[in-house]
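The next block holds one structure in the form of structure tokens; read it before the comments.
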Amino acid sequence: MAIPTPNSPKARDIAYNIHPFTNPHRHEEVGPLIIERGEGVYVWDDAGNRYLESLAGLCCVGLGWGEKRLAKVAADQMEKLAYYHSFAHRSHGPAIDLAERLLAIAPEPLEKAFFANSGSEANDTAVKLIWFVNAGRDKPEKRKIITQMKGYHGTTAVSASMTGLSYVHAGFGLPLPGFLHVETPHAYHGAHAGETEEDLATRLAAQLDALIVAEGPETVAAFVAEPVIASGGMIVPPRSYFEKVQAVLKRHDVLMVADEVICGFGRTGRMFGAETFGIRPDIMIVAKQISSAYIPISGVLVSGAFYDGIKAAGDRFGILGTGFTYSAHPVAAAVALETLKIYEERDLVAHAARVGAYMQQRLAELADHPLVGEVRGVGMMAGVELVRDKVGRTNFDPASKVGATCSDMGLKHGLIVRPLSNDTMALSPPLVATEGEIDEMVNSLSAAIDDTARWISEVDPV
Ligand SMILES: Cc1ncc(COP(=O)(O)O)c(C=O)c1O
């Protein structure tokens, strides 16, 4: 990237902003890609270049950019009641309407909703609620949380502890005590020779069982998992994984928490990943596509039985002493409600299932490329993993930056595509994408992979 001119937006960004998940020193060298506007599945940078946003931002802009109905609802709600809180028995129409609508579409046995502003806050809150309920039923020591290696649950101190990615822990002294991680359910790298998906699921469920027994079931409160591990590599679990895991959890009185921050609202081709993978969650975390990311809002949905536990603990401790100034913010709630209405009116989940099947079929064509180890996915989420050795399934050294290079090549072909760990190129376009736009996305990715292969032959990375 050229050296930014003084006082340009790039120079001022370097001067004033600290970016999440970015190397600060390198940012000073390369500067930002400044995105100025969006329409449908496309965004434009400040030089007027158009990109197909194959990740819907951070897997969140389900409706694509430029949905005027959401802008209008936000403006109307700001004029009517710009803010009110929900502490101490206060409420307002948008909070009530959104909770009712959400619970009408949520899987059984979810019956009550608590709102926050981000996926991290919602996961943090879920853990606190679990601790609160167990303390209320005289089991204060039942508080350990088990998650999966490569699972992503956020970056607050608690949700980062749940996250199973070392780069989220490094330098922060995390995970906190009492947060445990089990093996990633990924057949491509994790299955033993001759092991079927079912065998792998059986082995992983047995490992979970052994961990709970070793820790003492009286100390283990919950298992939290994304239906599909998204940020950790778009990893679809082996067949029967959740069925077998849930049998283990039930045996030990351990709660099942589904983190649907990415999978929720159509991403997997059903309304929730829980439906796609047969999960019956005691608690479900929602965010991102709940408002198509037009405004921050998240939710913790809990079962009736769990809510009874909150009530009992509330009697014991006086109040439920947790929540946020912006919990169920009226503007955010109104925008989320309108988003859910649009999903329904346009039958967007069925559209995502149909276009998702097409997207998986088109991406599968890349599997024969010498650089591609695995193409995996479900619905409108997928990962294309680039490998050094196809037969041995060996990845490049992360320092070689093969995924980042492919992402840079993508920009040259008008595509924003994000590299995840193991050089997995992640794809989760807006749910509104058409088959024609999927063709464009796959063709651009294919060209970027070809360019990356050429670059590899020149620089010979390890
Ligand atoms: C599955 C999952 N859970 C939680 C989070 C954290 O959400 P947020 O970044 O809104 O805090 C993310 C973010 O990508 C996520 O993918």
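Whatever order the structure lists them in is the order used to number ligands and atoms, beginning at 1. Bear in mind the structure is a predicted one, so any value in this text is a computation, not a measurement.
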(message) If the threshold is 4.0 Å, N to carboxylate O, is there a salt bridge linking D209 and R251?
(response) yes

(message) How long is the straight-line distance from SG of C59 back to CD of Q289, given to the nearest 0.5 Å?
(response) 8.0 Å

(request) Tell me the residues surrounding ligand 1, counting only those with a heavy atom closer than 4.0 angstrom, sorted by chain and number. (result) S118, G119, S120, N123, Y152, H153, G154, E226, S231, D259, V261, I262, K288

(message) For the CG atom of L200 and the NZ atom of K244, what is their distance to the nearest 0.5 Å?
(response) 9.0 Å

(message) Whether the H27 and T22 side chains hold a donor-acceptor pair (N or O, under 3.5 Å, no angle test) is what I'd like checked.
(response) no

(message) If I take atom OG1 from residue T184 and atom CG from residue L165, how far apart are they, to the nearest 0.5 angstrom?
(response) 8.5 Å

(message) The criterion is side chain to side chain contact (heavy atoms under 4.5 Å, CB included); which residues satisfy it with E111, sequence neighbours excluded?
(response) none

